[in-house]
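Working notes, beginning with the structure itself.
One-based numbering, in listed order, for ligands and for the atoms of each. Note that this is a predicted model, so its numbers are computed, not measured.
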Amino acid sequence: MSNAGSYEERLKDFDWSIAENELGYHKGDLINIGWYCSDRICLKGKADKMALYYEGYDGIEKKYTFNDIRLAGNTIGTFLRNLGLQNEDRICLFMDRIPELYLSFLGILKIGAIVQPLFSAFGDESLFVRLEDAQTRAIITQRKHLPKVRKIIDKLPFLEFVIIVDNDQKKTLEKKELPFDLESASPVENFEIFPSVAETPSLLHYTSGTTGQPKGVQHVHYSIVSQYLTTKWILDLQDDDIYWCTADPGWVTGTSYGIIGPWSMGITQCVLDAGFSAQTWYKFIEKYKISMWYSAPTAIRSLMKAGEDIVKDFNLTSLRHLASVGEPLNSEAVIWSEKVFGKPFHDTFWQTETGSIMISNFPGMKIKPGSMGKPFPGITGAVLEPKTFTPIPDNGKIGLIAFKPGWPAMMRGYWKKEEKYREKFVNGWYLTGDRATIDKEGYFWFIGRDDDVINTGGHLVSPFEVESALLEHPAVAESAVVAKPDEIMMEVVKAFITLKPGFESHPDLELEIMNFIRKKLSSMAMPQEIEYMDKLPKTRSGKIMRRVLHAKEWGEEIGDISTLEDD
Ligand code: 6R9
């Protein structure tokens with residue numbers, strides 16, 4: 001029997017106070033995610049229960065009980081506080097998925113500071129724009145990522161501390177750098193947790209938009225109320241589950257459901273910090289007897305490609321419930337997983353901005369493969385007519401996915417971008433920027449994004465950011481970046497460029513430019529293909545028409561090109 005009971009039953013009389021009561025929270029109380037995810041679980045008698053099993057690239061294994069993570073949070077919190085770091089300071093996590101990443105997350109929240117998690121795969125430019133925007137005071141990182149930080153530190157006057165969790169004592173440190181070794185630090189038993197309340201800022205998650213630099217999505221401690229209940233009901237975690245969320249905490253899935261959701265419930269989770277291969281993943285599930293698995297369509301498509309035979313080499317009978325997020329989950333993937341694992345992947349839809357799952361295939365609900373399911377109880381979702389912004393009845397017509405604001409994990413703003421935040425609301429609806437249809441039974445079917453943002457394997461990449469970075473290459477005169485179809489990643493980045501006089505199109509130059517972007521931004525943002533053009537399609541007012549290039553890549557009708565510039 002699932003935690004949730006039937007969807008219809010949960011819709012009746014739904015109120016977020018269900019989660020508040022289970023968390024023992026009353027309006028006006030102090031609320032701290034760091035405390036809820038560790039101290040409270042210990043107080044509930046689960047101090048010796050395993051909180052985290054970690055396995056790294058090199059086969060290193062580590063494990064931590066809830067008491068261990070409580071102490072680690074205190075110890076890291078004390079270290080940060082002794083540096084003079086305090087509430088509302090932004091502290092960036094820039095690490096691979098090593099235990100210190102998860103434990104520092106708790107420590108930062110316990111002192112009331114704001115966690116700014118960034119992918120360690122980011123290059124120096126991607127890192128720089130996000131640290132500069134947030135005026136980040138400290139960054140916690142690993143030795144291997146130090147060169148990227150050193151490259152930009154002089155341009156970041158607000159960045160006072162570069163904390164290295166795996167410093168090699170023989171190596172010299174530069175200014176602002178200091179080592180912190182959790183294993184040799186003396187554990188701090190008693191710690192005064194910052195008295196945060198519901199609206200105290202907790203996380204600043206960066207997400208890419210179509211224009212301008214990435215936006216910092218601001219969340220508060222009260223988000224735990226949504227994250228706890230959606231984890232319990234949708235991911236259906238139960239006390240003896242072993243849970244695996246495959247997402248990196250640089251992505252919101254890796255924090256909302258890779259830390260807060262499971263730990264607020266006192267659930268044991270596993271982290272695998274190793275590259276993807278079907279073999280490695282199946283072995284991991286078998287070894288730790290994973291029972292609940294939350295992953296993403298790109299990974300599932302890669303597993304499908306690896307075939308069914310390899311599945312038979314492993315004992316995967318521990319799997320009880322599977323869910324997916326980040327991109328459209330094709331119906332084939334749902335049918336395939338049912339066939340090979342005996343369980344379908346349950347699609348879930350949400351965003352960095354929503355903080356928690358909004359639409360899902362609720363456990364026990366009839367799954368329509370290819371559909372995202374229905375809104376979580378307590379969430380009013382609709383598709384809006386794009387001109388009037390009024391709800392379209394459930395008649396299969398395409399509209400904009402929108403939600404009535406007010407759920408606990410909703411973002412509280414875009415960092416220093418008040419105007420952009422306001423633009424997300426029309427007629428009392430929050431606009432997601434995605435399009436969908438709703439069928440007669442109320443199921444949502446994803447159609448596509450309403451902007452030019454590229455979703456490559458679940459990572460949102462801003463064409464603007466890539467175009468700006470391309471222009472910094474000496475050979476590039478102009479650039480336009482669009483999505484190109486891809487069998488596994490669904491979309492990959494493709495760049496069209498014109499060259500400056502004196503440069504010639506050449507495969508070597510193409511490779512050089514690709515690498516230039518990979519180093520500056522990330523491998524996700526690196527164009528998989530570069531096409532040289534004599535001239536980019538532009539409107540008469542001089543705007544590059546990405547739409548024309550996009551249609552070309554996808555073999556679609558170009559549509560209205562009346563504003564296209566004449567030759
Ligand atoms: C959690 C997360 C949000 C965007 C979202 C949409 C796409 C997410 C999806 C999905 C189709 C799903 N997206 N879930 N598209 N089906 N089940 O992914 O946050 O990185 O902010 O991305 O991802 O386009 O608007 P984020």
Side-chain angles (χ1 to χ4, degrees), residues 117-119 203-210 214-219 223 226-227 230-231 234-235 245-261 294-301 322-331 333-334 344-362 367-376 379 381 383 398 400-403 409-411 414 424 430-438 443-463 483 489-491 522 524-525:
L118 294 178
F119 288 112
L203 266 89
L204 193 58
H205 253 298
Y206 275 75
T207 184
S208 302
T210 319
K215 300 175 293 242
V217 176
Q218 210 185 319
H219 287 289
S223 72
S226 294
Q227 289 147 350
T230 48
T231 303
I234 299 173
L235 303 185
C245 170
T246 61
D248 185 309
W251 179 31
V252 70
T253 305
T255 55
S256 291
Y257 297 102
I259 304 179
I260 308 173
Y294 195 23
S295 199
T298 289
I300 301 164
R301 285 191 292 268
L322 321 177
S324 163
V325 64
E327 312 155 70
L329 181 67
N330 338 39
S331 53
V334 179
F345 270 98
H346 291 66
D347 195 13
T348 65
F349 169 91
W350 58 291
Q351 304 180 297
T352 306
E353 286 87 342
T354 69
S356 61
I357 299 170
M358 304 304 281
I359 298 175
S360 73
N361 288 275
F362 218 65
I367 291 186
K368 295 190 184 181
S371 154
M372 304 194 292
K374 298 185 186 186
F376 188 71
I379 301 290
V383 299
I398 298 174
L400 311 172
I401 306 178
F403 300 106
M410 171 75 188
M411 69 162 161
Y414 286 127
K424 297 293 286 185
Y430 162 73
L431 302 177
T432 60
D434 289 302
R435 287 175 289 132
T437 61
I438 306 180
Y443 283 71
F444 282 61
W445 297 77
F446 188 81
I447 298 290
R449 289 189 61 96
D450 204 38
D451 57 22
D452 294 335
V453 171
I454 301 165
N455 188 337
T456 177
H459 294 284
L460 301 190
V461 173
S462 150
M489 308 286 274
M490 221 185 66
E491 298 184 348
S522 67
M524 287 92 79

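Checked against side-chain hydrogen bond (donor to acceptor under 3.5 Å, both in side chains), Ser324 has no partners two or more places apart in sequence or in another chain. With sequence neighbours left out, the salt bridge (Lys or Arg N to Asp or Glu O under 4.0 Å) criterion links Glu327 to Arg301. Applying the side-chain hydrogen bond (donor to acceptor under 3.5 Å, both in side chains) test to Ser356 and every residue at least two apart in sequence or in another chain returns nothing.
Under the 30°/60° scheme for interplanar angles, the aromatic rings of Tyr294 and Tyr257 are found to stand perpendicular. Classification of the Phe349-Phe446 ring pair by plane angle, with boundaries at 30° and 60°, yields tilted. Ring planes of Phe403 and Tyr430: parallel class, angle under 30° (limits at 30 and 60°).
The residues lining ligand 1, counting any heavy atom closer than 4.0 Å, are Trp251, Val252, Thr253, Val325, Gly326, Glu327, Pro328, Asp347, Thr348, Phe349, Trp350, Gln351, Thr352, Met372, Asp434, Phe446, Arg449, Asn455, Leu460.
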